[in-house]
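See structure below.
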Amino acid sequence: MAKKKTPGFECTACGHRALAWSGQCPGCSAWNTLEKALPAPTPSAGVGGGLSGGVAATPTPLREVQAERSERAETGIAELDRVLGGGLVPGSLVLLGGAPGIGKSTLAAMALANLSERGAGVLYVSGEESASQVRRRAERLGDAALDVPILAENSLESVIATIVEERPQVCVIDSVQTLSVGDSAPGSLAAVREVTQALLETGKSRDVTMILVGHVTKEGSLAGPRSLEHLVDCVLHFEGERERSFRTVRAVKNRFGATSEVGVFEMRSAGLVEVLDPSARFAGEASPAAGSVICCSMEGTRPILVEVQALVAPSEAELPRRTATGIDRNRLALVLAVLTRHGRLPLGSADVFVNVVGGVRLDEPGADLAVALAVASANSGEALQSEGRPLACFGEVGLTGELRYVAHADRRVAEARKFGLGSVIGPEPGEGKPKGMKIVGTIGEALKAAGVSRQSAGRGTQRSARRAA
Ligand code: TYD
Ligand code: MG
């Protein structure tokens, strides 16, 4: 008798399969993420040979394929619609992920309220909160939110039966981790996958748009992330820090639109409010002090001005601290190394803190120069200005100290000019020099153009203090 194959274990974070359980995943080094795996599908006998009886089909030239132009359902939340690529595509499946308390339920409830106000059939399935809890949230969101029908239910079977019966156009499942199916524990990799698969089939066959809310772990991945992302049409990440009011929604996957768009929101007492002109908010509140620089960044098709702040302080520790909020730590390390080596800034024994104001994340390399100049300004203690306004810049910093081209120089500069900022420092724009731009080729030239000195503020006093001690 053939020995029965054990399905083994699978990491909920990276999908790595292991034969034996261990506390740490050998694939991604995450802790306690290995779970019993579903048996791998047995390949049907004779795949790659011996499979016969199929009828040959005729492939069609793409030119002759009818392109479906489905009407999108706008959620009425402009920032969300833009990230979706112009609204919800009928029958699509959207995964809305984010940390607990970030505002996923609020955003989903607001979208359903708007859709229902425009006459679309909607359904809010809550497996997490009771109907009365959902009602309390809706009360804060306004009258239309109270018209949304709710189903407080944990069983997938009864949720699907209700969807089939009610046939809503848009259905929110809050959250995918709270629905139970069969014997598997809700939230386990197997359950989350099965729930998603079943809702996908129901949605596609009945043209119901599904919005699945999913919690992300501390590390920032949805439980069973990789295994869900390929199933769904669109993955939205809701990000931001709970203590701060600004939140961003970005698409990390979108079959019906670009993935570079970002929507900016602010959490207020009456729900999430769209920040339609983030530049005005962020640049308007920029600090005139040393260590502050404005980054002309691009978020998808939209230029956004964001304030980057830095603090440089003599370190007491053997290993100086380098803390980055809103930018990648490795990117900060690179910029600091270039500043030390090619900008000849004495940062070796200093603690460096960098923060992107407003809880915004800058993911593009075009933010490097703003980080570099903010650190240089914090180091020298000189506030950077251009024509009496906060200094604005953009550009990628290369390892040899060169400033590298980034796209859309014209739109970045135009945005800065719109808000009355002076000359914008940046790398060679490729074609034509936008009005109001100062082109620099290296980090050294950028420091010079910004008018920042390489001396550390209070250096003399530190030295004399040490000597005295
Ligand atoms: P929620 O949408 O429940 O977050 P999630 O579903 O992602 O866990 O709400 C997030 C937080 O926002 C919650 O702590 C309460 C707060 N909040 C407001 O400040 N104003 C509001 O109008 C609402 C509905 C929530
Ligand atoms: Mg919630």
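When reading the values below, keep in mind they use all heavy atoms of this one structure, side chains included, and skip hydrogens, waters and symmetry mates. As the structure lists them, so they are numbered: ligands from 1, and atoms in each ligand from 1. Everything numeric in this text was worked out from a predicted model, so none of it was measured. Throughout, residue positions are numbered sequentially from 1 according to the sequence presented.
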Task: Minimum side-chain heavy-atom gap V308-L362 below 4.5 Å - done: yes
Open item on the list: Is there a polar contact between ligand 1 and T106, counting only N or O atoms under 3.5 Å apart?
Closed with: yes
- [ ] Give yes if a backbone or side-chain nitrogen or oxygen of G101 is under 3.5 Å from a nitrogen or oxygen of ligand 1, and no if not.
- [x] yes
Task: Short N/O/S contact of S105 with the Mg ion (ligand 2) (below 2.8 Å) - done: yes
Open item on the list: Measuring from atom 25 (C) of ligand 1, which candidate in R137, R140, E266 has the nearest non-hydrogen atom?
Closed with: R140
Task: Distance-only N or O hit between ligand 1 and R268, under 3.5 Å - done: yes
- [ ] Evaluate the side-chain contact (heavy atoms from CB on, under 4.5 Å) criterion for residues R404 and D368: first the C-alpha distance (whole Å), next the side-chain angles of each, then the deciding distance (0.1 Å), finally the verdict.
- [x] CA-CA 10 Å; R404 303 178 62 96; D368 289 353; over 6 Å; no
Task: side-chain contact (heavy atoms from CB on, under 4.5 Å) assessment of L403 paired with V397 - done: CA-CA 5 Å; L403 281 191; V397 171; 3.8 Å; yes
Open item on the list: Below the 3.5 angstrom mark, is there an N/O of S269, backbone or side chain, next to an N/O of ligand 1?
Closed with: yes
Open item on the list: Minimum distance, heavy atoms only, to atom 22 (O) of ligand 1: which one of P100, S175, G271 is it?
Closed with: G271
Open item on the list: Please check if the number of heavy atoms outside E165 that lie under 6.0 Å from its CD is greater than 12.
Closed with: no
- [ ] Identify, by atom number and element, the atoms of ligand 1 in contact range of I102, meaning under 4.0 Å from any of its heavy atoms.
- [x] 4 (O), 7 (O)
TODO: Determine the sole option in V371, V312, V375 for which the side chain to side chain contact (heavy atoms under 4.5 Å, CB included) test with L336 is passed.
DONE: V375
Open item on the list: Checking E415 against S279: is there a side-chain donor and acceptor pair closer than 3.5 Å?
Closed with: yes
Task: Modelled atom types, side-chain donor and acceptor of S292 and E307, under 3.5 Å - done: yes
Task: Close-contact set for ligand 1 against S105 heavy atoms, below 4.0 Å - done: 2 (O), 3 (O), 5 (P), 6 (O)
